[in-house]
Amino acid sequence: QVQLVESGGGLVQAGGSLRLSCAASGRTFSSVATGWFRQAPGKEREFVAAIRWSTGYTKYADSVKGRFTISRDNAKSTVYLEMNNLNPQNTAVYYCAARLSTGITVTPPLYEYWGQGTQVTVPS
């Protein structure tokens with residue numbers, strides 16, 4: 001079992017920044033990759049970014065490349081999502097997810113464990 005707890009969401013003006021955190025506990029040593037997803041009202045959950053624990057390899061959705069940065073602190077079993085130059089289209093609940101199987105994937109059902117989500121709101 002892997003437990004994930006997100007934090008860092010909130011209300012931020014357009015052009016501003018936020019840093020989300022995802023603290024993992026439990027069988028974290030067996031987690032291969034951790035990803036961030038988001039879900040806006042009335043829309044499907046979509047991939048944002050992911051990182052492999054062992055190598056630090058990262059993958060991003062095209063819509064966030066150059067603005068968002070995913071990183072990890074192995075000692076703290078924590079993954080971060082630094083979000084810059086936010087806009088109203090980034091408003092969503094952001095979820096952290098852990099995958100035990102090999103490789104990074106952008107497909108939500110292939111991640112076995114999920115956090116409760118943290119709300120990010122960028123008013124228009």
Side-chain angles (χ1 to χ4, degrees):
Q1 291 287 331
V2 177
Q3 293 78 42
L4 303 170
V5 178
E6 302 99 332
S7 60
L11 177 70
V12 61
Q13 297 302 313
S17 300
L18 279 177
R19 188 177 79 157
L20 306 182
S21 299
C22 173
S25 60
R27 293 184 59 190
T28 55
F29 62 88
S30 61
S31 174
V32 174
T34 300
W36 285 98
F37 293 78
R38 64 188 178 189
Q39 188 165 18
K43 295 187 176 181
E44 293 186 353
R45 192 167 298 189
E46 65 174 0
F47 172 78
V48 176
I51 188 167
R52 292 198 67 172
W53 280 100
S54 59
T55 63
Y57 172 80
T58 59
K59 183 177 179 65
Y60 295 92
D62 288 342
S63 61
V64 305
K65 283 181 181 177
R67 297 189 300 121
F68 290 13
T69 302
I70 189 171
S71 61
R72 90 262 193 243
D73 185 329
N74 289 41
K76 295 182 178 180
S77 295
T78 299
V79 172
Y80 304 98
L81 184 68
E82 184 76 32
M83 305 185 295
N84 298 314
N85 194 21
L86 287 162
N87 59 63
Q89 289 69 43
N90 300 136
T91 294
V93 177
Y94 284 71
Y95 297 91
C96 175
R99 172 172 166 80
L100 306 183
S101 305
T102 302
I104 285 179
T105 177
V106 304
T107 307
L110 296 182
Y111 285 76
E112 290 91 347
Y113 300 98
W114 291 82
Q116 80 289 350
T118 185
Q119 177 71 47
V120 172
T121 302
V122 187
S124 56

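Heavy-atom basis, side chains included; hydrogens, waters and symmetry copies ignored.
A 4.5 Å side-chain heavy-atom check between Thr121 and Val12 finds every atom pair outside the cut-off. A heavy-atom distance below 4.5 Å is found between the side chains of Arg45 and Trp114. By the 4.5 Å heavy-atom criterion applied to side chains, Val48 and Leu81 are counted as neighbours. In this structure, the side chains of Gln13 and Pro123 come closer than 4.5 Å at one or more pairs of heavy atoms. In this structure, Val79 and Trp53 have side chains that are in contact, with non-hydrogen atoms separated by less than 4.5 Å. Within the 4.5 Å cutoff, the side chain of Met83 has heavy atoms near those of the Val120 side chain. A heavy-atom distance below 4.5 Å is found between the side chains of Leu18 and Leu86. Inter-residue side-chain proximity for Tyr80 and Arg72 is flagged as unmet; no heavy-atom pair is nearer than 4.5 Å.
The line from CG of Leu100 to OH of Tyr113 is 5.5 Å long, rounded to the nearest 0.5 Å. The structure places OG of Ser25 at 4.0 Å from CD of Gln3, a figure rounded to the nearest 0.5 Å. Of the inter-residue distances, the one linking Thr105 atom OG1 with Arg99 atom CZ reads 5.5 Å to the nearest 0.5 angstrom. For the atom pair Arg67 CZ and Thr69 OG1, the distance stands at 10.5 Å (nearest 0.5 Å). Rounding to the nearest 0.5 Å places CG of Leu20 at 10.0 Å from CD1 of Ile70.
Minimum interatomic distance between Leu4 and Ala24 (heavy atoms only, all atoms of both residues): CD2-CB, 3.7 Å. Scanning both residues, Val93 and Gln119, for their nearest heavy atoms gives CG2-OE1, 3.2 Å. Taking both residues in full, the closest heavy atoms of Cys22 and Trp36 are given as CB-CZ2, 3.6 Å, listed atom of the first, atom of the second, then distance. Here the shortest heavy-atom pairing between Thr78 and Ala23 reads OG1-CA, 3.9 Å. When every heavy atom of Ala49 is checked against every heavy atom of Tyr60, the shortest pair comes out as CB-CD2, 3.6 Å. Contact between Gly103 and Ala33 at its shortest, heavy atoms only, is O-CB, 4.3 Å.
The pair Arg38-Glu46 meets the salt-bridge criterion, since a charged nitrogen lies less than 4.0 angstrom from a carboxylate oxygen.
No hydrogens or angles considered: a donor-acceptor pair under 3.5 Å links the side chains of Asn84 and Ser17. In this structure, a donor-acceptor pair under 3.5 Å is absent between the side chains of Gln89 and Thr91.
Put simply, the side chain of Thr55 gets close to the backbone of Tyr57: a donor and an acceptor are under 3.5 Å apart. Of the possible polar contacts, none joining the Glu82 side chain to the Arg19 backbone as a donor-acceptor pair under 3.5 Å is found.
Counting heavy-atom neighbours within 6.0 Å of Gln116 CD, excluding the residue itself, gives a total above 12.
A continuous path of hydrophobic side-chain contacts links Ile104 to Val106 [ILVMFWY only; heavy atoms under 4.5 Å].
Classified by interplanar angle (parallel below 30°, tilted 30° to 60°, perpendicular above 60°), the ring pair Phe47/Phe37 is perpendicular. The aromatic rings of Tyr94 and Phe68 sit tilted relative to each other, their planes meeting at an angle between 30° and 60°.
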